Number of protein chains: 2
Amino acid sequence: MAEVGFARFSAREVAKRIGYSIGTIYNVFGSLDRLVLAVNSRTFVAWAALVRARLDAAGADRVAALVDAYFDFAEANPNVWMAIYDHRLPPNAPFPEDYFRQRAELTGLVEAEIAAILPPAQADGAAALARSLVAMVHGHCLFALNGTFALLGETDARGAALARAREILGSQH
Amino acid sequence: MAEVGFARFSAREVAKRIGYSIGTIYNVFGSLDRLVLAVNSRTFVAWAALVRARLDAAGADRVAALVDAYFDFAEANPNVWMAIYDHRLPPNAPFPEDYFRQRAELTGLVEAEIAAILPPAQADGAAALARSLVAMVHGHCLFALNGTFALLGETDARGAALARAREILGSQH
DNA sequence: ATAAAAATTGGACAGCGCTCATTTTCCATC
DNA sequence: GATGGAAAATGAGCGCTGTCCAATTTTTAT
């Protein structure tokens with residue numbers, strides 16, 4: 001996945017590279033969808049580890065640490081990062097339990113930071129604000145990686161995302 | 001594309017439906033990539049038309065009109081809207097000229113509105129701020145359509161995007 | 001009617017996700 | 001060791017895909 005990206009990822013190629021047959025892949029994972037979900041679950045684990053490390057090493061500016069961790073992980077691992085969002089489950093297919101858990105753990109890190117920043121009066125809105133901030137940063141990171149910003153002449157996606165985050169957080173009072 | 005979405009879109013099926021052979025599709029478009037780009041170019045035209053119509057009918061709250069137009073188009077045409085972002089050109093492949101033009105026209109509409117809202121002292125940053133706001137709204141809209149927000153318990157993506165837009169614009173002075 | 005140009009065809013190729021009857025490997029028991 | 005049942009692994013086969021291109025048909029101008 002890291003080498004070829006989601007569009008060219010194939011179960012047959014995986015089988016070839018690990019020295020098993022295509023049939024074994026399907027015995028283990030059941031479908032290409034679940035194989036991709038397994039890959040993406042591992043991506044969330046690695047991503048959360050990076051975020052945690054950055055937060056542990058961060059000084060006072062924890063918002064910048066979060067934004068940087070988001071961008072750094074995506075830029076260092078563009079194919080596996082984009083695979084998370086390129087992959088779509090068939091309608092009504094549930095996410096595997098451990099996929100959900102790994103993903104929730106990552107967003108939980110952000111939520112905790114936002115809750116710590118917010119004035120106590122707004123504490124009950126921390127989860128919603130955290131989701132919204134993640135969506136905002138994600139939009140910037142996605143446009144940086146998929147060429148949209150390049151097409152529009154934007155060169156500082158990270159700086160823009162951080163500026164927006166500060167403006168938004170500065171408005172919560 | 002509107003029926004089956006990007007993942008199941010196929011040149012052979014297009015050929016079958018319009019009563020031509022697969023060979024003719026390739027004579028006209030050259031590759032599946034360019035066929036998809038042609039579809040996406042048309043999507044930008046339709047999207048820009050909706051945005052224009054909403055702005056023409058809008059009252060004083062033009063920011064809400066823009067956010068609503070973004071979400072309404074995406075929600076009314078999820079498959080063609082997502083195809084814009086699901087499709088990735090091979091590295092170094094240039095975008096066709098008319099694809100670029102249609103896309104620039106749409107972002108130009110946003111840019112003009114932001115320039116009109118901004119205090120004159122910040123007028124030179126209008127283009128960058130417009131790109132950033134589009135990325136922010138896009139992140140919210142994407143998470144609404146791809147199930148991320150549902151997974152995290154968020155139900156009001158549109159309201160969150162509009163709230164963030166107001167906070168950001170209110171901070172420009 | 002004829003010839004040149006343009007448009008269209010569809011078989012062929014390599015690769016894909018997926019299934020499942022068959023084979024191989026493993027391991028506890030004798 | 002030998003044996004037999006359970007577990008793991010296989011890969012041919014199916015219908016689908018994007019892509020190419022020699023052959024054919026249709027259109028147009030003379």
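Proteins come first, then strands; the chains are lettered A, B, ... in the order of their sequence lines, and each starts at number 1. Fair warning: this is a prediction, and the values are worked out from it, not measured in the lab.
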Atom-pair distance (CD1 on A:Ile18; P on D:dT10), nearest Å:
9 Å

Checking side chain to side chain donor-acceptor pair (under 3.5 Å) for the pair A:Thr148/A:Asn146: CA distance, chi angles, key distance, verdict?
CA-CA 6 Å; A:Thr148 295; A:Asn146 76 3; 2.8 Å; yes

Check: A:Asn77 main-chain N/O paired with A:Glu75 side-chain donor or acceptor under 3.5 Å:
no

Quick one: does any side-chain atom of A:Ser41 pair with a main-chain N or O of A:Leu37 as donor and acceptor, under 3.5 Å?
yes

Return yes if some donor-acceptor pair links the side-chain N/O of B:Arg54 with the main-chain N/O of B:Ala65 below 3.5 Å, else return no.
no

Regarding B:Asp61 and B:Arg166, does a basic nitrogen lie under 4.0 Å from an acidic carboxylate oxygen?
yes

Is the shortest side-chain N/O distance from A:Tyr26 to OP1 or OP2 of C:dC18 below 4.0 Å?
yes

Is the gap between the ring centers of B:His138 and B:Tyr85 under 6.0 Å?
yes

If you count every heavy atom of other residues, nucleotides or ligands that lies below 6.0 Å from A:Arg101 atom CZ, does the total exceed 12?
yes

Please give, in whole Å, the distance from D:dG18 P to B:Phe29 CZ?
14 Å

Under 4.0 Å from any atom of DNA chain D, heavy atoms only: list the residues of residues 80-92 of chain A that qualify, in numerical order.
none

Between the protein and nucleotides 11-17 of chain D, which nitrogen or oxygen pairs come in under 3.5 angstrom?
residue	atom	partner	partner atom	Å
D:dG13	O6	A:Arg12	NH2	3.2
D:dT17	OP1	B:Ser10	OG	3.2

If the threshold is 4.0 Å, N to carboxylate O, is there a salt bridge linking B:Arg158 and B:Asp72?
yes

Rounding to an integer number of Å, can you tell me how far A:Ile25 CD1 sits from C:dC16 P?
13 Å

